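Have a look at the structure below, then the notes.
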Amino acid sequence: MKIATYNVNGITARLPRLVEWLEETKPDIVCLQELKADDDKFPKAAIEAAGYGAVWHGQKGFNGVAILARDAEPVERQRGLADDPDDTHSRYIEADVNGLVVASIYLPNGNPQPGPKFDYKLKWMARLADRAAALLAEEVPTILAGDYNVIPKDEDTFSVRAMSTDALMQPESRAAFRTILNQGWTDAIRTRHPRGPVWTFWDYQAGAWPRDAGFRIDHLLLSPTVADRLVDAGVDKEYRGREKASDHAPTWAVIR
DNA sequence: ATGCCAAACGCTGTTTGA
């Protein structure tokens with residue numbers, strides 16, 4: 001079973017590319033981020049025509065997350081994170097899919113830092129950590145997949161210097177990510193590719209794609225019993241180079 | 001020190017965000 005996460009950077013603008021990728025790679029479960037579309041603008045019919053059921057948590061203009069399942073209907077079990085009733089951002093949705101609990105996560109970028117956006121990022125990560133711990137306590141097979149907007153280690157960026165003041169690799173961002181991992185989650189990509197560059201994002205700006213100046217911020221975190229079933233993981237890098245591509249590439253894991 | 005780019009919105013440019 002293949003589960004993928006894909007920050008589409010606008011599902012309306014990306015729909016032809018998304019459908020093409022679904023048809024060519026046939027993932028069983030897909031976590032989408034950055035729909036940039038309100039709930040009533042989600043392209044339900046096109047996704048259905050491609051063979052996928054879906055649940056989504058949209059928002060006008062930015063954010064927005066969804067979970068797709070091939071030949072199945074995901075059953076939503078939570079949207080949003082607890083402990084901040086004033087949080088209006090659509091960044092978290094969780095569903096039961098084929099015996100798995102799956103969450104699609106769009107973690108706040110946090111730039112510029114320091115500042116209120118960075119504070120929001122760190123608070124959001126603490127709330128995610130609480131949810132992640134609760135899910136582990138349920139002892140059901142779980143995958144937390146999405147755009148974490150965290151470069152976990154120096155080897156996860158083309159340039160430590162270029163990114164040194166960026167919110168994505170501040171020590172606080174990395175510590176918050178490690179706190180979640182250390183609960184007992186397994187980073188699927190790094191387990192299958194222990195060393196060296198694995199990029200999942202290339203900025204549109206400054207020729208990042210042609211000079212392969214990327215970083216690794218899209219992650220699939222596996223609960224222990226899912227980690228035991230991990231067979232492979234990778235990035236569909238080729239899709240980043242196509243016409244009208246997202247700035248992220250689909251990132252996936254195969255579970256036995 | 002700044003813009004590089006892209007999408008949405010709504011209108012021929014502005015805002016937002018990464």
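Since the structure is predicted, the reported quantities are computational estimates derived from the model, not experimental observations. Below, read A as the first sequence line, B as the second, and so on, with proteins coming before strands; counting in each chain starts at 1.
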State which of B/dA7, B/dC9, B/dG17 makes the closest approach to the side chain of A/Lys60. B/dC9

Using the C1' atoms only, state how far B/dA7 lies from B/dT2, rounded to an integer number of Å. 22 Å

Parallel, tilted or perpendicular: which describes the rings of A/Tyr148 and A/His219, with under 30° parallel and over 60° perpendicular? tilted

With the side chain of A/Thr12 defined as its heavy atoms from C-beta on, choose the nearest nucleotide among B/dA7, B/dA8, B/dA18. B/dA8

Spacing of the P atoms in B/dG10 and B/dT15 (rounded, Å): 13 Å

Between P of B/dA7 and OH of A/Tyr106, the distance in whole Å: 14 Å

Cluster link A/Ile105 to A/Val101, ILVMFWY, side chain under 4.5 Å: yes

So, is A/Lys41 near the phosphate of B/dA8, with a side-chain N or O under 4.0 Å from OP1 or OP2? no

Could you work out which one of B/dA18, B/dA6, B/dC4 sits closest to the side chain of A/Ala206? B/dC4

Whole-Å gap separating C1' (B/dA6) and CZ (A/Arg240): 11 Å

Per nearest nucleotide of DNA chain B, the residue lying toward the 5' end, A/Lys244 or A/Phe201, is A/Lys244

Considering every strand and a 4.0 Å limit on heavy-atom distances, what is the contact class for A/Asn109: base, sugar-phosphate, or nothing? sugar-phosphate

OP1, OP2 of B/dG17 versus side-chain N and O of A/Tyr120: anything below 4.0 Å? no

How is A/Phe215 classified with respect to the nucleic acid when contacts are heavy atoms under 4.0 Å: base, sugar-phosphate, or nothing? nothing

Does A/Arg14 make a side-chain N or O approach to OP1 or OP2 of B/dA6 shorter than 4.0 Å? no

When you compare B/dA1 with B/dG13, how far apart are their P atoms, in angstrom units rounded to a whole number? 32 Å

Name the closest nucleotide to the A/Phe62 side chain, picking from B/dA18, B/dA6, B/dG17. B/dG17

Round to a whole Å and report the spacing from CD1 of A/Ile151 to P of B/dA18. 14 Å

What is the distance, to the nearest angstrom, from the CD atom on A/Gln59 to the C1' atom on B/dA8? 13 Å

Between B/dG3 and B/dT12, how far apart are the two C1' atoms, rounded to whole Å? 23 Å

Using a 4.5 Å cut-off on heavy atoms from C-beta on, say whether the side chain of A/Asp156 contacts that of A/Arg190. yes

Between B/dA6 and B/dC11, how far apart are the P atoms? Round to whole Å, please. 24 Å

Return whichever of A/Ala37 or A/Glu34 has its heavy-atom-nearest nucleotide of DNA chain B closer to the 5' end. A/Ala37

What is the distance, to the nearest angstrom, from the CG atom on A/Asn9 to the C1' atom on B/dA8? 11 Å

Does A/Lys117 place a side-chain N or O at less than 4.0 Å from the phosphate oxygens OP1/OP2 of B/dG17? yes

Tell me: CG of A/Asn7 to P of B/dC5, nearest whole Å? 19 Å

Path from A/Tyr52 to A/Tyr6 over hydrophobic side-chain contacts below 4.5 Å: yes

Spacing between A/Gln33 atom CD and B/dA18 atom C1', to the nearest angstrom: 14 Å

For A/Asp203, which contact category applies under a 4.0 Å heavy-atom criterion: base, sugar-phosphate, or nothing? nothing

Hey, does A/Ala13 reach any base, or is it just sugar-phosphate, or nothing, if we go heavy atoms under 4.0 Å? sugar-phosphate

Do A/Asn9 and A/Tyr204 have a side chain donor and acceptor closer than 3.5 Å? yes

Relative to each other, are the rings of A/Phe158 and A/Phe215 parallel, tilted or perpendicular (30° and 60° limits)? parallel

